[in-house]
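Encoded as structure tokens, the structure appears first; notes follow it.
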Amino acid sequence: MLEVINQGLETSVQDYPGRVGYLNQGFPPSGPMDSWSFRLANLLVNNDESEGALECQYTGPTLKFEKDQVVAICGADMQPKVNGKSVPMWESILIKADQTLELGFSLNGARSYISFAGGIESNPWLGSKSTFHKAGVGGIDGHAIKKGQKISIGQSATRPGRKVREDCIPNIHNSGVWEIEVVRGPNDDWLDDNGYEIFLNAEWKLQARSDRTGFRLDGPSLTFNEKATNKSPEHGYEPSNIIDQGYPIGGINLAGQTPIILVNDGPSMGGFIVPFTVPSASFWKLGQAKPNEKFKFIEISVSEAQEMRSEQTAICTQGLSLIHISEPTRQEAISY
């Protein structure tokens, strides 16, 4: 067991790949926004990549441990400390009984992940432990963790001493500009050539009014072709309106002149066109972007998106990203 001393900002249980197979019933997959960091955290503590862990956003929690526990912290740098002493990220460490892990405000990136050897024990809902905040399901009682709550951790004989190779760590930065890959479609024939040029050449600002449902963007107005401006009435009045259709996860929904990237908790259908889609291998960048930062979209092919996904999966599942710390260094690393 561990006790929540401070809950942070909407710290929640997530698992990978989330609640798959229920989008047609209105339940999105949820799961970690940055699955690359999440999966590496589980790999470090010798969990299955799908095991439940904590997603922390912008500012992290303070947790007190009732027993010795091997943990790993990956993703955004929230300056983790054990009993007030800084501890490394991207590495499995031992936290001893009665010690306290504290994560503060993020220095770079937006979301950090805490994985525990043995995983978090919670009851799956529709086959997943992932918290879907807006429906109040999954995780622990369907919501973010709360101060005073006790969280059960599974049993594991895992020892500390694993570390992620630097060339396998996602480049989480604070430059303020993110290059986000996109593929065309499914409604790539509703914008005209000028509209596509505007979309791909602009810098789009992430609005503060964004969450795990959708990322709203500010930027220039787009232009449409005749299919959007001369259409039958059932498609709606605005050029970006279309008769209700299914939305892909990662689809960039064009609500009037406001692009909204439909992320992990996004809707399954609606009446706006989706001219571009962010591929799953680029979602980690969305998960680490902060409000008011800029997006610059880079068009790639579907085959390139699939190759990116394969490379990311190889890093996160085959152990190619790990090195084992030598025993003297390991002992020094875990003596907090």
Side-chain angles (χ1 to χ4, degrees), residues 7-35 37-38 54-59 75-76 106 109-113 125-126 128-145 178 180 182 186-187 204-219 240-242 244-280 282-293 295 297:
Q7 68 269 27
L9 179 62
E10 285 197 358
T11 305
S12 63
V13 177
Q14 302 293 338
D15 62 8
Y16 177 83
R19 193 165 288 107
V20 176
Y22 298 94
L23 198 57
N24 64 331
Q25 298 177 34
F27 293 104
S30 299
M33 292 282 292
D34 174 2
S35 63
S37 297
F38 180 95
L54 292 179
E55 178 178 83
C56 321
Q57 59 176 11
Y58 305 118
T59 182
S106 173
R111 290 173 174 82
S112 191
Y113 297 90
W125 192 82
L126 293 182
S128 171
K129 296 179 182 179
S130 287
T131 307
F132 178 26
H133 300 264
K134 295 194 174 182
V137 298
I140 300 173
D141 300 327
H143 299 286
I145 65 173
W178 295 86
I180 309 291
V182 292
N187 309 120
W204 298 88
K205 185 172 76 172
L206 179 61
Q207 292 185 17
R209 194 157 57 98
S210 299
D211 58 17
R212 286 176 51 93
T213 299
F215 279 21
R216 304 175 68 90
L217 307 178
D218 285 331
S240 61
N241 289 150
I242 192 172
D244 278 11
Q245 60 172 352
Y247 286 149
I249 298 168
I252 302 180
N253 171 325
L254 191 57
Q257 287 287 356
T258 302
I260 304 174
I261 308 175
L262 305 176
V263 287
N264 297 52
D265 292 349
S268 59
M269 65 179 300
F272 295 106
I273 64 168
V274 178
F276 288 99
T277 299
V278 178
S280 60
S282 298
F283 258 54
W284 70 270
K285 299 178 184 180
L286 302 178
Q288 296 300 346
K290 292 179 178 177
N292 296 319
E293 292 186 336
F295 289 172
F297 293 108

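In this chain, numbering begins with 1 at the start of the sequence shown. As the structure is a computational prediction, the values presented were derived from the model and not from experiment.
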Counting distance only, does the side-chain N/O of [X] pair as donor-acceptor with the main-chain N or O of [Y] below 3.5 Å?
X    : Y    : result
Q288 : A110 : yes
S112 : G75  : no
E293 : K205 : no
R111 : G287 : yes

Suppose we screen for side-chain contact (heavy atoms from CB on, under 4.5 Å). Which residues come up paired with [X], at least two apart in sequence or across chains?
X    : result
S240 : F224, E238, L254, F272, I273
W125 : R19, F27, V137
D211 : K134, T213
P17  : V20

Quick one: pull up [atom1] in [X] and [atom2] in [Y] and give me the separation to the nearest 0.5 Å.
X    : Y    : atom1 : atom2 : answer
I145 : E10  : CD1   : CD    : 11.5 Å
H143 : T131 : NE2   : OG1   : 9.5 Å
E55  : T11  : CD    : OG1   : 9.0 Å
F283 : S280 : CZ    : OG    : 7.5 Å

Quick one: does [X]'s side chain get under 4.5 Å of [Y]'s, heavy atoms only?
X    : Y    : value
W204 : I180 : no
F295 : V182 : no
M33  : Y113 : yes
F297 : I252 : yes
P291 : Y58  : yes

Could you give all pairs that pass the side-chain hydrogen bond (donor to acceptor under 3.5 Å, both in side chains) test and reach residues 246-258, with sequence neighbours left out?
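side-chain hydrogen bond (donor to acceptor under 3.5 Å, both in side chains) check on residues 246-258 returns Y247-N253.
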Polar contact flag, side-chain donor to acceptor under 3.5 angstrom, S12-Q14:
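Yes, because at least one side-chain N or O of S12 sits under 3.5 Å from a partner of the opposite role on Q14.
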Can you give me every donor-acceptor pair (side chain of residues 261-269, partner residue at least two apart or in another chain, under 3.5 Å) with its distance?
| from | atom 1 | to | atom 2 | distance (Å) |
| --- | --- | --- | --- | --- |
| N264 | ND2 | S30 | O | 3.1 |
| N264 | ND2 | G31 | O | 3.2 |
| N264 | ND2 | P32 | O | 3.1 |
| D265 | OD1 | S30 | OG | 2.7 |
| D265 | OD1 | R212 | NH2 | 3.4 |
| D265 | OD2 | R212 | NE | 3.1 |
| S268 | OG | L23 | O | 3.4 |

